[in-house]
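Below, all heavy atoms of this structure are taken into account, side chains as well, without hydrogens, waters or symmetry copies. Here is how names work: the chains are called A, B, and so on, in the same order as the sequence lines, proteins then strands, and each is numbered from 1.
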Amino acid sequence: MRYLVDQALCCGHGQCAALAPEVYGLDDDGYNKEVGHLADVEPGLEEAARTGAMACPDAAIRLFE
Amino acid sequence: MKMAEVRRMDRIVVVIGASWIGAEVVTAAITAGCRVTCLEAGPGPAAQVFGAEVAERFMPWWEGVDLRCGTAVARVECAGVLLQDETLVPADTVITGIGVRPETGWLEGSGLQLDRGVVVDERLRAALGIVAVGDVAARWSPRWNRHLRITHWDDASSGPAVAAASLLAEGDSGPVYDPVPYFWSDQFGHKVQYLGRPGTEDKPEFCEPADGRGWSVAWFDAERRLTAVLAVDRPRDIAQARRLLASDSPRLVAT
């Protein structure tokens, strides 16, 4: 599984990292640190990736299974 | 609120309540070219939540709006809004955003504990086989050591999975639900984010960042532990506060 954080949509709610810290991290400015490019989800963390993506108020995270 | 919905309205809009909903509706209405009056009972925007000192910081955003604080509304009439001093504020459209109270009257006598909501434990259980979630739930928070009733989007979004797990779990084997409350609002071109929950005695302290971008307010308890942060156009402050508040020894001492 991979994920893409839409640069135009991520505005620093930080809910992804709060609910799924094992998958998502934030940069120093509070935005998802992988914003703008495809990132891999480690095997076994798919459910956490879904939880974090669902928690985004702006639906900025797209998952590719 | 969608711009299109405001555009369908008439030109003179009166908004009752200058809290979050009021601010967002006002933003949409003035952007759509409406003439906007906002009637607020308290001393300033969102003053009931944050106090007058923080409300003062919001005031410059409201230029261009006829904001009338300390104004008590009597009723809405065909021609507009009648104030308690019998002034009529003319309006084509009236929008009210003055907060919510859970309707729990139908549960009186049910045996469930009610206290401005349905009282539930940290697994969202009201009684054996009964859970409550979302705006109506006054959930026990081990983190804050009190009951919290959180009426925000993320509680309604993430709570139900825990409630369902509680119904299926044996005894106390289900997950605990105790996230740090989080809320945001887009208003007047600003991103407002609010994390945590200050105690009634906690004092706000303002932070003016050196880079000049936005501002934030932090609340500390009597022992100088962080309890909440309000950030305007500063998601990085929320990210940092989240690290402090979400840790097991949360509220690290800030000096």
For B/T227 and B/P198, work out which heavy atoms get closest and say how close. OG1-CA, 3.6 Å

Can any side-chain N or O of B/R101 pair as donor or acceptor with the backbone N or O of B/R116 at less than 3.5 Å? no

Do B/S173 side-chain atoms and B/A169 backbone N/O form a donor-acceptor pair below 3.5 Å? no

Just wondering, more than 12 heavy atoms not from A/L45 lying within 6.0 Å of its CG? yes

Select one option (side chain, backbone, both, neither) describing which atoms of A/P21 are under 4.5 Å from chain B's heavy atoms. neither

Where on A/C10 is there a heavy atom nearer than 4.5 Å to chain B: the side chain, the backbone, both, or neither? neither

Quick test of your reading of the model: are B/E208 and B/R57 salt-bridged, counting only N-O distances below 4.0 Å? yes

In plain terms, say whether B/R224 and B/E205 are close enough for a salt bridge, that is, a side-chain N and a carboxylate O under 4.0 Å apart. yes

Only counting residues at least two apart or in another chain, list the ones meeting side chain to side chain donor-acceptor pair (under 3.5 Å) with B/R125. B/D121, B/D172

All donor-acceptor atom pairs under 3.5 Å, backbone and side chain, chain B-chain A:
unit_1: B/D154; atom_1: OD2; unit_2: A/Q15; atom_2: NE2; d: 3.4
unit_1: B/Y182; atom_1: OH; unit_2: A/H13; atom_2: ND1; d: 2.5
unit_1: B/Q193; atom_1: NE2; unit_2: A/G12; atom_2: O; d: 2.7
unit_1: B/R236; atom_1: N; unit_2: A/D29; atom_2: O; d: 3.0
unit_1: B/R236; atom_1: NH1; unit_2: A/D29; atom_2: OD1; d: 3.1
unit_1: B/R242; atom_1: NH1; unit_2: A/Q15; atom_2: OE1; d: 3.2
unit_1: B/R242; atom_1: NH2; unit_2: A/H13; atom_2: O; d: 2.7
unit_1: B/R242; atom_1: NH2; unit_2: A/Q15; atom_2: OE1; d: 2.9

